[in-house]
Amino acid sequence: MPSGDKILELDGANMDIDLTSGDTEWEPGRRRQTMLWKGERLGLTYENAGTKSRPKVRVGVFSGKKLPPDFIDELRKEIVWRFNLDMDLSAFYKDVGNDPILKPAIRRFYGLRPMSPNSLYEYLIIDIVLQNTVVRRSVSMLQSLFEHYGTLLEYDNKRLWCYWEPAVLAEAGEQELRDLKVGYRAKSLVRVSESFAEGRINEFDLRQKSAKEQEEALLSLYGIGPASVGYIMFDALHRFDYMKNISPWEQKIYTHIFFKMDHEKHLVPVSKMLKRFERWGRWKGLAVNYAWENIWWKRRNERIPWLEKEIRL
DNA sequence: CGGCAGGTGCGGA
DNA sequence: TCCGCACCTGCC
């Protein structure tokens with residue numbers, strides 16, 4: 001099938017921060033991704049099995065044991081949620097699709113939707129290792145956690161790590177984690193894991209709550225602040241109108257993308273940015289995301305000097 | 001070597 | 001509410 005006919009590239013991770021670590025691997029037309037679901041460690045493969053007009057994803061499930069039909073059915077529903085496959089983007093395209101900034105991005109990323117292949121707990125772990133460091137070290141920290149607490153699965157001729165249950169990190173304790181060079185993040189990792197292990201936060205309950213309640217619950221977790229909440233609200237809870245925090249490095253990039261200015265000459269204030277984004281109303285988070293992905297995609301083919309300076313790997 | 005990084009909690013104004 | 005500051009570690 002010609003690649004131009006695909007609606008889903010299935011390259012999962014964002015173009016910018018690719019925290020590709022032990023649990024997933026991509027090759028053209030095929031993504032492998034492990035999943036810890038209802039206590040089972042699964043090896044999944046995702047393949048494009050449709051067309052632009054009739055999109056379809058085929059998922060292969062590898063497991064050490066025979067899985068009953070109702071397990072598979074629940075798994076299917078979970079995958080549909082995580083990848084946000086039921087989302088209807090037509091209203092978004094109709095409402096803001098003629099915006100000159102968004103038009104080329106929508107053409108390029110037609111069908112793209114906020115999603116996360118991970119559970120909420122796993123996403124929080126990723127957020128914590130991303131904090132206040134460079135991507136290289138985040139990857140190294142996550143890899144180290146996999147090697148000490150994860151399970152190595154072999155399926156489909158590959159070996160990939162699978163996440164651990166929250167209780168495992170909760171019981172590991174702060175010092176043991178510090179020894180893995182995660183630094184002061186050890187405390188956050190333990191405390192967030194405890195919150196899940198003790199049932200004080202539950203992903204499935206949280207999905208049913210209002211955006212405000214979700215935000216409060218997430219912020220109450222130790223080590224989770226406005227930046228992490230922003231990513232989770234968007235990717236994991238599919239609140240694509242949530243847009244509160246703009247970090248300094250995002251502010252620099254937005255200054256170029258949305259205001260066509262050099263941030264070194266004039267850094268546009270966050271308040272002004274938020275006001276500008278209001279033009280996209282309930283679509284603002286999604287609109288910003290499309291433009292964001294677009295600039296990273298462009299970087300693959302052409303040099304963007306102002307952007308290069310902002311990248312730390 | 002010091003400085004600093006795709007943040008956050010904390011204490012004090 | 002809004003600041004300034006400390007914080008593991010590793011790389012520049």
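Side-chain atoms are counted along with the backbone in the values below, which use heavy atoms only and exclude waters and symmetry mates. To find a chain, count down the sequence lines: A is the first, B the second, and so on, and within it residues start at 1. Keep in mind that this is a model prediction, so the values were computed, not measured.
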*Close side-chain approach of A:M243 and A:F277, heavy atoms under 4.5 Å*: yes

*Quantified in whole Å, what is the P atom distance between nucleotide B:dG6 and nucleotide C:dC3?*
22 Å

*Would you classify A:I128 as touching base, sugar-phosphate or nothing, given that sugar-phosphate means primed atoms plus P, OP1 and OP2, and contacts are heavy atoms under 4.0 Å?*
nothing

*C:dC11 pairs with which nucleotide, Watson-Crick or G-U wobble, both distances below 3.5 Å?*
B:dG3

*If you measure from the P atom in B:dG11 to the same atom in C:dC8, how many Å do you get, rounded?*
15 Å

_Syn or anti for C:dG4 (syn when the glycosidic angle lies within 90° of 0)_ = anti

*For A:H263 and B:dG6, give me the distance from atom NE2 to atom P, rounded to whole Å.*
12 Å

*Between A:N294 and A:R108, what is the shortest heavy-atom contact and its length?*
OD1-NH1, 2.7 Å

_Side-chain N or O of A:R178 closer than 4.0 Å to phosphate OP1/OP2 of C:dC8_ = yes

*Name the residue closer to the 5' end of DNA chain B, choosing between A:T133 and A:R191 according to the nucleotide with the nearest heavy atom.*
A:T133

*Under 4.0 angstrom, heavy atoms only, what part of the nucleic acid is A:G183 near: base, sugar-phosphate, or nothing?*
base

*asked:* Under a 3.5 Å threshold, yes or no: a donor from one side chain and an acceptor from the other, between A:R41 and A:T151?
replied: yes

*Figure out the CG/C1' separation between A:L130 and C:dC8, and round it to whole Å.*
16 Å

*asked:* Looking only at the side chains, is there a donor atom on one of A:D241 and A:W283 sitting less than 3.5 Å from an acceptor on the other?
replied: no

*Has the side chain of A:Y231 got a donor or acceptor atom sitting under 3.5 Å from an opposite partner on the base of B:dG7?*
no

*When you measure from the side chain of A:Y184, which nucleotide among C:dT9, C:dC11, C:dC7 comes out closest?*
C:dC7

*If only side-chain N and O atoms of A:S140 are considered, is one of them under 4.0 Å from the OP1 or OP2 phosphate oxygen of C:dG10?*
no

*Base, sugar-phosphate, or nothing: which does A:L177 touch, judged by heavy atoms less than 4.0 Å apart?*
nothing

_Whether the A:W164 and A:Y121 side chains hold a donor-acceptor pair (N or O, under 3.5 Å, no angle test) is what I'd like checked._
yes

*Please state how far atom CG in A:L219 lies from atom P in B:dC10, giving the value in whole angstrom units.*
13 Å

*asked:* Let's test your reading of the model: under 3.5 Å, does the base of C:dC8 pair with the side chain of A:R137 as donor and acceptor?
replied: yes

*Rounded to the Å, how far apart are A:L142 CG and C:dT9 P?*
18 Å

*Between B:dG9 atom P and A:D127 atom CG, what is the distance in whole Å?*
12 Å

_A:E74/A:K77 salt bridge by N-O under 4.0 Å criterion_ = yes

*Which nucleotide in the set B:dG7, B:dG6, C:dG10 lies at the smallest distance from any side-chain heavy atom of A:A227?*
B:dG7

*Check every strand shown and say whether A:P226 touches a base, only sugar-phosphate, or nothing at a heavy-atom separation below 4.0 Å.*
sugar-phosphate

*For B:dG3 versus C:dA6, give the span between their P atoms, rounded off to a whole number of Å.*
13 Å

*Separation of B:dG6 P from A:R185 CZ (nearest whole Å)*: 12 Å

*Round to a whole Å and report the spacing from CG of A:N132 to P of B:dG9.*
13 Å

*Whole Å only: how far is the CD atom of A:Q131 from the C1' atom of C:dC8?*
13 Å

*Consider the side chain of A:Y222, meaning its heavy atoms from C-beta on, and name the nucleotide among B:dG6, C:dT9, B:dG9 that approaches it most closely.*
B:dG9

